[in-house]
Amino acid sequence: MNKVVGYAAHQATTPLVPFQFERRNLRPDDVQIEILFCGVCHSDLHTARNEWKGTTYPVVPGHEIVGKVLHIGKDVKGFKEGDVVAIGCMVDSCGSCPGCREHLEQYCDKGPVFTYNSFDKHDHTATHGGYSTQIVADQKFVLHVPKEFKEKDYPGVAPLLCAGITTYSPLRHWKVGKGSTVGIVGLGGLGHMAIKLAHAMGARVVLFTTSEGKVEDAKRLGADEVVISKNKDEMKKQVNRFDFILDTVSAPHNLDAFLELLKLDGTMCLLGAPPAPHPSPSVTNLIFRRRQLGGSLIGGIKETQEMLDFCAKHHITSDVEIIPIQKINEAYERMLKSDVKYRFVIDIASLKGA
Ligand code: NAP
Ligand code: ZN
C-alpha cells in the first residue's frame, strides 16, 4: 500500500482538513498517477456537506484531475511513466451492461464506480478523489491529455474532466451546431464551459444569469447575448426562441421561466443537481409546444477523450483561479455566493508537507 495525503470532510458540518490514507498496490491494469491539479466542482461541495444524503465519511472529493503517470501495472498498454493524463468522475463500471457496451459507462446498470464516495468493486474499499497527492485507477478510466496542451495549460485542462464533459455530452446528444439557438442557464463552472463549447460548435449562444456583474465576461467567453433572468421584461423577449436550453444551476428554481423560451419541439436539459427539488413545472408549458424536459449525467470515457481532443483543437480550456488546498473551505463559501471566475483549481503541490 501506498501512503498519500489529502484533504477530507469528516462530517457534513465541519471544514475539510488534512487526511492521510492509502492507495492500493497496482493491479495488472492499474495506472498510478501523481496529481498536479484538481478542479473544484459544486458536486464536491454537495457531497462534502451530505446535501445528497449519500455521503460516506471520511470523503476526499475531487474529480477533475490532471497528473503524471508514476507507475503502470504489467498489463497496461497505451500509458507509460511520465505521460500527462487525466481522470474524471468515474474510475470503474461493470463493463458488460448495455450502457457500458455502448461507451456510456455513466449509465452503467450496476452504477459506475465514482472517483470518490463510491466503493471499489474488487476490494470494496472507499474511493477517494483528487484533493490528494496520488490516485490509482484502471487504465480504461484514464484519459490522455492531448499534446497540444502545454504545462501552463494544465490547471485549465483539469475542469474539462467534469465541467467540460458534462456540458459537451448533451450539446452533442441534442445535436447543437450551426443554426441552433442555445440558452445556457447559470454562469459558474459548468455554465462557462457550456458557453465556450456551444460557441465552438457554431451555435448562437444566449446566457441567462442572476449576476449582473457577469455580463461582460459572458460575452468574452462567447455568448452572443446575455439576459438577466430576474428581469421579467428581458425574459419575455426570449419566449419561443430556443432549440435547446442547458440548465446548470445548483439550487432549486422556477423551470417554467425557461421552458416557455423553447420553440416547438425544443428541449431543456437539466444538469444541476440541487439538494432540494425544483418546484414542479407547469404541464401547459410542455404540451402546447411539444417541449421536452430531460437531464444528462457527465459523459462516457470515449466521449470524454473526444471532448479533450475537441478542446485541444479549438484551444479551449477553463478560466481558473488557482488556489492552494489550504483555501478549499473558503473556496466552497465563495462558490455558494456565485463568486467564482469560473472554476477554482487546486495546485496539488500545496499538499506536499500538509
Ligand atoms: P457553480 O460553479 O457553483 O455554478 C452554479 C451557477 O448557478 C452559479 O454560478 C450561478 O450562476 C447559478 N446559481 C447558483 N445559485 C442560484 C440560485 N439560487 N438561483 C439561480 N441561479 C443560481 O456550480 P457547477 O460546478 O457549475 O455545478 C452546477 C450544478 O451542476 C451543481 O448542482 C453540480 O452538482 C451539478 N453537476 C451535475 C453534473 C451532471 O453530470 N449532471 C456534473 C457536474 C456538476 P449565475 O451567477 O450566472 O446566476
Ligand atoms: Zn463535477
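What you see is a predicted model, and the numbers here were worked out from it, not measured in a lab. All values below come from the heavy atoms of this structure, side chains included, with hydrogens, waters and symmetry mates left out. Every number for a ligand or one of its atoms is a count from 1 in the order of the listing.
- Distances between N or O atoms of Arg343 and those of ligand 1 include at least one value under 3.5 Å.
- Ligand 1 is approached by Leu297 to a heavy-atom distance shorter than 4.0 Å.
- Of the options Thr167, Leu207, Thr209, the smallest heavy-atom separation from atom 47 (O) of ligand 1 is shown by Thr209.
- Contacts of Ala251 with ligand 1, taken as heavy-atom pairs under 4.0 Å, involve the side chain alone.
- Residue contacts with ligand 1 for Tyr332 are absent, since no atom lies close enough (heavy atoms, distance under 4.0 Å).
- With a heavy-atom cut-off of 4.0 Å, Ser296 touches ligand 1 through its backbone alone.
- Considering only non-hydrogen protein atoms, atom 40 (O) of ligand 1 sits nearest to Ile298 N, 2.8 Å.
- Distances shorter than 4.0 angstrom do not occur between any heavy atom of Gln106 and any atom of ligand 1.
- Side-chain contact check for Met307 versus Leu160: some heavy-atom pair is nearer than 4.5 Å.
- Within the 4.0 Å heavy-atom shell around ligand 1 one does not find Phe344.
- Summarising the local packing, CZ of Arg24 is surrounded by more than 12 heavy atoms from other residues, nucleotides or ligands at distances under 6.0 Å.
- Taking the charged nitrogens against the carboxylate oxygens, Glu321 and Arg334 do have a contact shorter than 4.0 Å, which makes a salt bridge.
- Taking the six-membered ring where the residue is Trp, the centroids of His63 and Phe114 are separated by 6.0 Å or more.
- No more than 12 heavy atoms of other residues, nucleotides or ligands lie within 6.0 Å of CZ in Phe288, so this atom counts as exposed by the packing criterion.
- Checked against a 3.5 angstrom limit, the closest N/O atoms of Leu190 and ligand 1 fall inside it.
- Nearest protein neighbour of atom 38 (C) of ligand 1, counting heavy atoms only, is Thr166 CG2, 3.6 Å.
- Ring pair Phe149/Tyr154: centre-to-centre distance not below 6.0 Å.
- Between the Zn ion (ligand 2) and Cys41 there is an N/O/S contact shorter than 2.8 Å.
- Counting only heavy atoms of the protein, atom 5 (C) of ligand 1 lies nearest to Ser250 OG, 3.8 Å.
- Partner of Asp243 under the salt bridge (Lys or Arg N to Asp or Glu O under 4.0 Å) criterion, chosen from Arg289, Arg291, Lys178, Lys263: Lys263.
- In this structure, Tyr7 has its ring center no closer than 6.0 Å to that of Phe19.
- Distances from atom 9 (O) of ligand 1 to the heavy atoms of Lys230, Lys214, His42, His63 show the closest one on Lys214.
- Nearest to atom 11 (O) of ligand 1 among the protein's heavy atoms is Leu187 N, 3.2 Å.
- Among protein heavy atoms, the minimum distance from atom 46 (O) of ligand 1 is reached at Ser211 OG, 2.5 Å.
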Please evaluate residues Lys214 and Asp217 with respect to the criterion salt bridge (charged side-chain N to carboxylate O under 4.0 Å, His left out), reporting the C-alpha separation (whole Å), side-chain torsions for both, the decisive distance (0.1 Å), and the verdict. CA-CA 5 Å; Lys214 293 182 183 173; Asp217 275 353; over 6 Å; no
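- Using a 4.0 Å cut-off to heavy atoms of Ala273, the atoms of ligand 1 that qualify are 32 (O), 35 (C).
- With a heavy-atom cut-off of 4.0 Å, His253 does not touch ligand 1 at all.
- A salt bridge links Arg27 to Asp120: one of the charged nitrogens lies within less than 4.0 Å of a carboxylate oxygen.
- Screening Glu306, Glu303, His173, Lys196 against Tyr168 for a side chain to side chain donor-acceptor pair (under 3.5 Å) leaves a single residue, Glu306.
- The nearest heavy-atom contact from the protein to atom 37 (C) of ligand 1 is Leu271 O, 2.9 Å.
- Listed by number with element, the atoms of ligand 1 under 4.0 angstrom from any heavy atom of Trp52 are 34 (O).
- Scanning the protein heavy atoms around atom 8 (C) of ligand 1, the nearest turns out to be Ser338 OG, 3.6 Å.
- Between Gly189 and ligand 1, an N or O atom pair is found at a separation short of 3.5 Å.
- Salt bridge annotation for Arg23-Asp30: absent, with no cationic side-chain nitrogen under 4.0 angstrom from a carboxylate oxygen.
- Lys327 NZ: 12 or fewer foreign heavy atoms inside a 6.0 Å radius.
- For the residues Gly299, Gly272, Pro170, Ala194, the heavy atom positioned nearest atom 30 (O) of ligand 1 is part of Gly272.
- Contact analysis puts Cys41 in contact with ligand 1, with a non-hydrogen atom separation below 4.0 angstrom.
- Checked by distance only, ligand 1 and Gly191 stay at 3.5 Å or farther apart across all their nitrogen or oxygen atoms.
- Taking the side chain as every heavy atom from C-beta outward, Ile346 and Pro324 never approach each other to under 4.5 Å.
- Backbone or side-chain N, O or S atoms of Cys89 do not reach the Zn ion (ligand 2) at under 2.8 Å.
- Using a cut-off of 4.0 Å between Lys/Arg side-chain N and Asp/Glu carboxylate O, Glu216 and Lys341 are scored as not salt-bridged.
- A cation-pi arrangement is absent between Arg204 and Phe242 under the rule of less than 6.0 angstrom and at most 45 degrees off the ring axis.
- Closest heavy-atom approach to atom 43 (C) of ligand 1 within the set Cys162, Gly295, Pro275: this belongs to Cys162.
- The pair Arg343-Glu64 counts as a salt bridge, with a side-chain nitrogen and a carboxylate oxygen less than 4.0 angstrom apart.
- Distances between N or O atoms of Gly186 and those of ligand 1 include no value under 3.5 Å.
- Ranking protein heavy atoms by distance to atom 22 (C) of ligand 1, first place goes to Val249 CG1, 3.4 Å.
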